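Taking it in order: structure first as structure tokens, then the write-up.
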Amino acid sequence: MTTEAPPTPLSFSFLTLFPELLFPFAQEAILGKAAARGLIDVQLVNLRDFAQNKHLKVDDTPYGGGAGMVIRVDVAQRALESLPPADEVILFSPAGQPFTQAVAEELAGKRHLAFLCGRYEGFDARVETLVTRELSIGDFVMMGGEAAAACVLEAVARLRPGVLGDPESHQMDSFSSGLLDYPEYTRPPEWNGHAVPEVLRGGNHAAVAAWRREQALRRTLARRPDLLAQAPLTPQDSAALLALGVSEAELAAWGAPPPPPPKRRRTAKRPAKAD
């Protein structure tokens, strides 16, 4: 009898000045259980351990003047060299590639990811020569990269086999299907005059699936219509979108397939005339 080998864990290394901010996030709930089961490994690296001075100073004033302090490139280099080789070395930066579900899925297929979490005025620009990718989680400013690191850790780790209880649960998430997710309901069946849609209580799985797809299309059209241009739409989706008020020109611009041809009505056969 052969036993299946356990999956190789995905290793995350976060280089930061404040590892205590990420420690509880990586130890609790689903991530903590995944780490305990050997599905992921999270290493928090304190950049101050590589300062090489008695005051553990890792930053300095910027050349050319200006406010704030800049983290030294040699500190970042020593910290990275202390790690096993990484498939990706990622810098959080407002100039980086937008972090999307597609990027999360790509990173989930790696073995070791190293992340540089900046503070103050960020890293010396020469750090860019040490990284393979820059990521941004949005067009806004934070005090450091730790919150972004927490977002990426959760988004990527949950895609690894075995991390979620249901191996198919993430496949229907918002963005995984190219659309926003459909609305979910649970008990009580009625609350403050708002009832759970009857189709969800009827037990007809085909009707439920059709309703959920239509609701996902409706939500995406109302809230994030930009996603429809990249979503893998079906002819049935095109028909549903036309019913929701989308024009044929918009469907064509999104590259959507034409809707199915209307079904012909069957006409009753006339009885043969008697001679």
Side-chain angles (χ1 to χ4, degrees), residues 4 7 29-31 33-34 37 39 98-109 151 154-271:
E4 189 173 333
I30 290 177
L31 292 181
K33 293 177 181 178
R37 293 163 56 199
L39 301 176
F99 181 65
T100 64
Q101 187 67 20
V103 174
E105 291 171 357
E106 179 188 352
L107 295 179
C151 292
E154 182 160 303
V156 174
R158 68 189 298 277
L159 299 175
R160 293 288 287 188
V163 171
L164 296 181
D166 183 349
E168 297 181 358
S169 62
H170 67 79
Q171 296 177 7
M172 294 304 295
D173 292 334
S174 293
F175 307 115
S176 290
S177 65
L179 304 174
L180 296 182
D181 202 3
Y182 51 79
E184 297 275 17
Y185 296 88
T186 187
R187 293 179 177 85
E190 186 165 339
W191 173 80
N192 285 359
H194 300 280
V196 175
E198 189 62 34
V199 65
L200 300 179
R201 301 162 62 185
N204 186 328
H205 297 297
V208 169
W211 180 88
R212 285 175 168 172
R213 185 67 179 183
E214 189 272 339
Q215 289 294 312
L217 290 165
R218 183 185 294 271
R219 277 192 163 193
T220 306
L221 179 62
R223 305 180 187 186
R224 289 291 306 277
D226 57 293
L227 296 176
L228 292 166
Q230 288 82 38
L233 300 175
T234 67
Q236 290 73 22
D237 293 336
S238 296
L241 289 166
L242 287 171
L244 292 172
V246 172
S247 68
E248 293 184 0
E250 287 176 301
L251 287 178
W254 295 335
K263 294 182 179 179
R264 294 182 179 179
R265 292 184 178 179
R266 291 183 178 180
T267 57
K269 293 184 178 180
R270 295 181 179 178

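Given the structure is predicted, the values throughout are model-derived calculations rather than measurements. Numbers here simply count residues along the sequence, with the first being 1.
Here the closest non-hydrogen pair linking Val196 and Pro188 is CG2-O, 4.0 Å. In terms of heavy-atom proximity, Arg219 sits nearest to Leu180 at O-CD1, 3.9 Å. Contact between Ser238 and Pro258 at its shortest, heavy atoms only, is CB-C, 4.3 Å. Leu179 and Leu228 get closest at one heavy-atom pair: CD2-CD2, 3.7 Å. Across all non-hydrogen atoms, the minimal contact from Leu242 to Pro259 is CD1-CG, 3.7 Å.
Within the 4.5 Å cutoff, no side-chain heavy atoms of Gln236 are placed close to those of Leu241. No side-chain heavy atom of Arg160 sits less than 4.5 Å from a side-chain heavy atom of Leu39. Looking only at side-chain heavy atoms (C-beta outward), Glu214 and Leu244 come within less than 4.5 Å of each other. Side chains of Glu184 and Arg212 form a contact here, defined as non-hydrogen atoms less than 4.5 Å apart.
Crowding of Ile30 atom CD1: a count of heavy atoms from other residues, nucleotides or ligands under 6.0 Å not exceeding 12.
Shown here are the side-chain contact (heavy atoms from CB on, under 4.5 Å) partners of Gln215, two or more places apart in sequence or in another chain: Tyr182, Pro183, Trp211, Arg218. For the side-chain hydrogen bond (donor to acceptor under 3.5 Å, both in side chains) test, no residue two or more places apart in sequence or in another chain qualifies with Gln230. With sequence neighbours excluded, the residues forming a side-chain contact (heavy atoms from CB on, under 4.5 Å) with Ala229 are Trp254, listed by chain and number. With sequence neighbours excluded, the residues that form a side-chain contact (heavy atoms from CB on, under 4.5 Å) with Ala240 are Leu217. The side-chain contact (heavy atoms from CB on, under 4.5 Å) search around Pro235 returns Pro257, Pro260, not counting sequence neighbours. Applying the side-chain hydrogen bond (donor to acceptor under 3.5 Å, both in side chains) criterion to Asn192, with sequence neighbours excluded, gives no partner residue.
Within the structure, salt bridge (charged side-chain N to carboxylate O under 4.0 Å, His left out) pairs that include any residue of residues 244-260 do not occur (at least two apart or interchain). Within the structure, salt bridge (charged side-chain N to carboxylate O under 4.0 Å, His left out) pairs that include any residue of residues 231-240 comprise Arg213-Asp237 (at least two apart or interchain).
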Could you pull out all donor-acceptor pairs under 3.5 Å where a side-chain atom in residues 199-209 meets a protein atom, sequence neighbours excluded?
residue : atom : partner : partner atom : Å
Asn204  : OD1  : Ala206  : N            : 3.2
Asn204  : OD1  : Ala207  : N            : 3.0

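Taking CD of Glu154 as the reference point, atom CG of Leu159 lies at 10.5 Å (rounded to 0.5 Å).
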